[in-house]
Visitor: 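Before I ask anything, let me first share the structure, which is written out below as structure tokens.
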Amino acid sequence: MSLQPLSTAAEKATGEDGSPSGPAPRTGKPVGNARLRRAVRENLVAYLFLAAGVLCFALFSWYPIVRGVLLGFQQVNFSEPARWVGLDNFRRLVDDPLFLTAWQNTGYFTLLALVFGFAAPFATAVILNELRHGRSYLRMTVYLPVMLPPIVTMLLWRQFYDPGPGLFNNVLEVFQLPAQQWLESENLAMVSLVLVSTWANMGTTTLIYLAALGGIPGELYEAAELDGASIRQRLWHVTIPQMRFILMITLLLQVIGTMQVFVEPFVLTGGGPDDATVTVLLLLYRYAFVYNDFGLASAMSTLLFVVLGLFSVVYLRLTRSKG
Amino acid sequence: MAAETPVRTLIAPAEMTRRTGRFLYRFVLVATLTGFTIAFVFPLYWMTTGAVKSSSELADPNPSLFPESWHPESYTDAWTNVGLGHFFLNTLVLALGAWLTQLLVDVSAAYALSKLRPLLGNVVLGMMLATLMLPVSALLVPTYLTVVDVPLFHVNLINTPFAIWLPAAANAFNIFILKRFFDQIPAELLDSARIDGAGTLRVLVSVVLPLSRPVLAVVSIFAVVGVWKDFLWPMLVLPDEAKQPITVALNRLSEFMPANQLLAGMVMASIPLLALFLVFQRHIIAGLTAGSLKG
């Protein structure tokens, strides 16, 4: 619904260039009844084509949205009909000592993911954009991890992180650095998860940045150079301002994406050590599919939705004002 | 792979040709090439060759770069003895089915919204696009409960492939890019086909679809890749172990399998996607930027 202005704008655009040819071919002028009948038939045909899509959306998207909110205020299990419990679920959530931990951990993960996942792709894209050789190879390799099934990535990195024969500790040993308990250490576990996540996902962001960098007009750099700007000054006063919009967009998308982190802690740490990597979605998963408490899980989803909704609203505002 | 058309970027061509510039350029180039190869290609190499190492070699605290002895049979063992072949085929069925359903449902919906333009079509489109704004995970629980007991029809889709296929078809992104592409097809073309006596379906199949190959390729690739990579949803809706895709099976079996066979299974789960990527690189990268930089 909120995207309405966007679609009506598209509507107008096509309507305008379609109008000279649109009504013309209709020869003769069907009057009254005939025209109405024709309009009804055309609409029926159109809805026939739309039916499967609307049904899929209604069943698996629109209905679950409404139901998800309602479920948060209900007690649900498979044996008896759902019962309204008001704010009970939310109260129980707040009482769960893990609730706060999960949000803190998720916030920490998101923050770390931004530090790594924001700087790394940007620096990579700026460097790739300057290189005149091997560009397609580099572009391809940075995107390779994105194509791996996440579960494969996690299982592979679990071996790398292995404190015994794991690759990472071997590399540290070569540089005479102390071996680490990557996933088993309370301080390092979350950092380890962020590292995998960044490795797996930075390809997408890098390629988006690369496309945006290609769109910066060269004259801007030339003008800045004539004014005596050094490379660093050009980066700061030309590249970054020109990229500001896309940087904002990826920042928001990344926050929305990383707040929903699940596979990494689920496969690599299971939430441990000592609950240091229990994230919101992992806790939600436990509520729903381990304890079968769908009401509690839905209350958690509702909260997650509200928090992420704020970021979505900002995202929408930005894209709309720009687009 | 030599210089592409020279576009002015951050660093001036003059700065590049200066002595220090040339040296720095070479240094950065070599560093990037090796860095990327180590960071992004080496893990794949490690996975593929690790699978043919012997178990004792894999457990050695000093890992070897090249396999000392070759055991390609871990691949066949993983495929037949562990039964990963079966799970691989499950994934194939899930991915192909999701691909077909998505094309069928989303193409006809986009065609209706773009060319047939029914009453309230824009409201429907708006409601579809609004779902893009929702975080997937917020819908996990209610969608799961819906799949357990589909409203109106009262069927239970758990342990059937429809639990994967049908929710995947409710894909607003597909409908969005398909509709945008269909919008560019001139109305005259459709009108003349109609004057020649083509019906609504015929116009779609013989005029619109042949013109839409690039966008159909993008939608197809994303459909297959999406289902192939998925883990959480199939784990929830396909609890029957015999019906699980390879991603879910790998995670479940990872504790019990010998390391080399697990690695072989991971290679199997990745190869179709990597092959797809190498063949359709251009489409995938184009679709990626199309999806993120709307307008």
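Side chains included, hydrogens not; waters and symmetry mates left out as well; all remaining heavy atoms used. Bear in mind the structure is a predicted one, so any value in this text is a computation, not a measurement. So that the names make sense, note that chain A is the first sequence line, chain B the second, and so on, each numbered from 1.
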Visitor: Go through A:Pro149, A:Ala51, A:Ser301, A:Gly68 and name the one with the most non-hydrogen pairs under 4.5 angstrom from chain B.
Guide: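 Winner by heavy-atom pair count: A:Pro149.
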Visitor: Between A:Tyr137 and B:Thr37, do the side chains contain a donor N or O and an acceptor N or O under 3.5 Å apart?
Guide: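 Their side chains do contain a donor-acceptor pair, which is all the 3.5 Å distance test asks for.
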Visitor: Below 4.5 Å, heavy-atom pairs only: which of B:Ser114, B:Ser254, B:Pro186, B:Ala110 has the largest tally toward chain A?
Guide: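 Option with the greatest count: B:Ser254.
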Visitor: Could you look at A:Tyr63 and say if it's the side chain, the backbone, both or neither that has a heavy atom under 4.5 Å from chain B?
Guide: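 Only the side chain of A:Tyr63 comes within 4.5 Å of chain B.
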Visitor: Check whether more than 12 heavy atoms from other residues, nucleotides or ligands sit under 6.0 Å from atom CZ of A:Phe289, and answer yes or no.
Guide: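 Above 12, so yes.
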Visitor: Considering only heavy atoms and a distance below 4.5 Å, find which of B:Trp228, B:Phe277, B:Phe231 pairs most often with chain A.
Guide: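 That would be B:Phe277.
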Visitor: With chain B as the partner, which of A:Phe60, A:Phe262, A:Phe57 has the greatest number of non-hydrogen pairs under 4.5 Å?
Guide: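 Between A:Phe60, A:Phe262, A:Phe57, the count favours A:Phe57.
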Visitor: Which atoms of B:Val248 come close to chain A, meaning under 4.5 Å heavy atom to heavy atom: side chain ones, backbone ones, both, or neither?
Guide: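 Answer is neither: B:Val248 stays 4.5 Å or more from chain A.
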Visitor: Using a cut-off of under 4.5 Å on heavy-atom pairs, state which of B:Leu33, B:Leu145, B:Asp106 scores highest against chain A.
Guide: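 Winner by heavy-atom pair count: B:Leu145.
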Visitor: Please report the C-alpha distance between B:Leu140 and A:Tyr285 in whole Å, then the side-chain angles of each, then the deciding distance to 0.1 Å, and finally whether the side chain to side chain contact (heavy atoms under 4.5 Å, CB included) criterion is met.
Guide: CA-CA 9 Å; B:Leu140 196 67; A:Tyr285 169 86; 5.6 Å; no
Visitor: For side chain to side chain contact (heavy atoms under 4.5 Å, CB included), just list the numbers for B:Leu204 and B:Val107, CA-CA rounded to whole Å, side-chain angles, deciding distance to a tenth of an Å, and then say yes or no.
Guide: CA-CA 9 Å; B:Leu204 172 63; B:Val107 163; 4.1 Å; yes
Visitor: Quick check for you: among A:Met300, A:Arg67, A:Arg234, which has the greatest number of heavy-atom pairs under 4.5 Å with chain B?
Guide: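 Heavy-atom pairs under 4.5 Å are most numerous for A:Arg234.
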Visitor: Between the side chains of A:Tyr287 and A:Ser298, does any donor sit under 3.5 Å from an acceptor?
Guide: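 Short answer, no.
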